[in-house]
Q: 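Below you will find the structure I want to go over with you.
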Amino acid sequence: MEDKRPSWDEYFMEMAELARKRSSCLRRGVGAVIVKDNHLLASGYNGAPAGIAHCSETGCLREKLNVPSGQRHELCRGLHAEQNAIIQAAKMGVNIDGATLYCTTQPCIICTKMIINAGIKRVVIKESYPDELAQKMAAEAGLKIEILGE
């Protein structure tokens, strides 16, 4: 009989997919979890800071300004899923040095820089995102980025 248990990577990516369902972004829902030694440490999804109205309530500023995907990240009410997961770990005093981040979408350059400085060593993604600078910096830092299943 074939083993039906998911691999660790599949298991944690499913958790990232669950986090994604909490996203309030109107353009692209993203979920992320940070894991160390096969234990979940933190999770995040993209959305506005705590206590601030979400884009689902106010409308998308980036859409209103016709900002193309991947540009002018500062023109957004929300934080990225990776940022929220790193912030959650810091807020709770959880050491993520040497951890793996599972994310439904490849991190942008801003998130990649945060991931590098947080000491995360491996990123597993479900789908790629066209950010050449992020890919170059990840490679230079020795950050492993893997697409699930490849």
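Starting from 1, each residue takes its place in the sequence as its number.
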Q: Kindly state each residue pair satisfying side-chain hydrogen bond (donor to acceptor under 3.5 Å, both in side chains) with at least one member in residues 40-50, sequence neighbours excluded.
A: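 Listed by first then second residue: R22-Y45, S23-N46.
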Q: So, for D97 and N95, which heavy atoms are closest and what is the spacing to 0.1 Å?
A: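 Minimum heavy-atom contact is N-OD1, 2.8 Å.
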Q: Contact between M137 and L133 at the side-chain level, heavy atoms closer than 4.5 Å - yes or no?
A: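 Yes, close enough: below the 4.5 Å cut-off.
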Q: Please list, chain by chain and in numerical order, all residues satisfying salt bridge (charged side-chain N to carboxylate O under 4.0 Å, His left out) with E132, sequence neighbours excluded.
A: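 By the salt bridge (charged side-chain N to carboxylate O under 4.0 Å, His left out) rule, E132 matches K136.
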Q: For residues G47 and N84, report the shortest heavy-atom separation together with the two atoms involved.
A: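 It is O-ND2, 4.1 Å.
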Q: What about L101 and V94, same hydrophobic cluster or not, with Ile/Leu/Val/Met/Phe/Trp/Tyr joined at side-chain heavy-atom distances under 4.5 Å?
A: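 L101 clusters together with V94.
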Q: Got a donor-acceptor contact below 3.5 angstrom from the E10 side chain to the S7 backbone?
A: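 Checked: pair present.
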Q: Between atom CD1 of I96 and atom CD1 of I86, what is the distance when rounded to the nearest 0.5 Å?
A: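 Between atom CD1 of I96 and atom CD1 of I86 there are 5.0 Å.
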Q: Any chance you could pull the hydrophobic cluster mates of V30, using side-chain heavy atoms under 4.5 angstrom and chaining through other members?
A: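 V30 clusters with nothing; isolated.
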Q: Apply ring pair (Phe, Tyr, Trp, His ring centres under 6.0 Å) to H54 and list each qualifying residue two or more places apart in sequence or on a separate chain.
A: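 Ring pair (Phe, Tyr, Trp, His ring centres under 6.0 Å) list for H54, sorted by chain: empty.
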Q: Looking at every heavy atom in both A48 and A53, which two are closest together, and how far apart are they?
A: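 Looks like CB-O, 3.5 Å.
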Q: Considering only heavy atoms from C-beta outward, does the side chain of I115 approach that of V123 to under 4.5 Å?
A: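 Yes; the side chains approach each other to less than 4.5 Å.
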Q: Taking the hydrophobic residues Ile, Leu, Val, Met, Phe, Trp and Tyr, and joining any pair whose side-chain heavy atoms are under 4.5 Å apart, which ones share a cluster with V33?
A: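 Its cluster mates, by chain and number, are W8, Y11, F12, M13, M15, V35, L40, Y102, V124, L148.
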Q: Which residue pairs satisfy the salt bridge (charged side-chain N to carboxylate O under 4.0 Å, His left out) criterion with at least one member in residues 103-130, sequence neighbours excluded?
A: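 Qualifying pairs, neighbours excluded: D9-R122, E17-K126, R20-E127, R28-E127, R122-E146.
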Q: Decide yes or no for T100 and I120: does some side-chain heavy atom of the first lie under 4.5 Å from some side-chain heavy atom of the second?
A: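 T100 does not reach I120 side chain to side chain.
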Q: Does any non-hydrogen side-chain atom of I147 lie less than 4.5 Å from one of Q106?
A: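 They are not in side-chain contact.
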Q: Should I87 and I34 be regarded as members of a common hydrophobic cluster, given that ILVMFWY residues are connected when their side-chain heavy atoms come within less than 4.5 Å of each other, either directly or indirectly?
A: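 No, it is not one cluster - the side chains of I87 and I34 are not joined through contacts under 4.5 Å.
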Q: Rounded to the nearest 0.5 Å, how far apart are CD of Q135 and CG of D131?
A: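 If I round to the nearest 0.5 Å, the distance is 7.0 Å.
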Q: Please list all pairs meeting ring-ring contact (aromatic ring centres under 6.0 Å, His included) that have one or both residues in residues 55-84, counting only residues at least two apart or in different chains.
A: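 Every ring-ring contact (aromatic ring centres under 6.0 Å, His included) pair that includes a residue of residues 55-84, provided the two are not neighbours, is H73-H80.
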Q: I need the full list of salt bridge (charged side-chain N to carboxylate O under 4.0 Å, His left out) pairs touching residues 43-63, with sequence neighbours left out, sorted by first then second residue.
A: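 Of all non-adjacent pairs touching residues 43-63, those that pass salt bridge (charged side-chain N to carboxylate O under 4.0 Å, His left out) are R27-E63.
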Q: Quick one: salt bridge (charged side-chain N to carboxylate O under 4.0 Å, His left out) pairs with a partner in residues 71-83, sequence neighbours left out?
A: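 Listed once each, the pairs are R72-E74.
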Q: Among residues two or more places apart or on two chains, list those pairs meeting ring-ring contact (aromatic ring centres under 6.0 Å, His included) that have a residue in residues 109-140.
A: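 Listed once each, the pairs would be none.
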Q: Indicate yes or no: at least one non-hydrogen side-chain atom of L65 is less than 4.5 angstrom from one of L75.
A: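 Sidechains of L75 and L65: in contact.
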Q: Using the test side chain to side chain contact (heavy atoms under 4.5 Å, CB included), find all partners of L26 that sit at least two apart in sequence or belong to another chain.
A: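 By the side chain to side chain contact (heavy atoms under 4.5 Å, CB included) rule, L26 matches C55, S56, C60.
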Q: Would you find a donor on one side and an acceptor on the other, under 3.5 Å apart, between the side chain of D37 and the backbone of H39?
A: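 No; zero donor-acceptor contacts below 3.5 Å.
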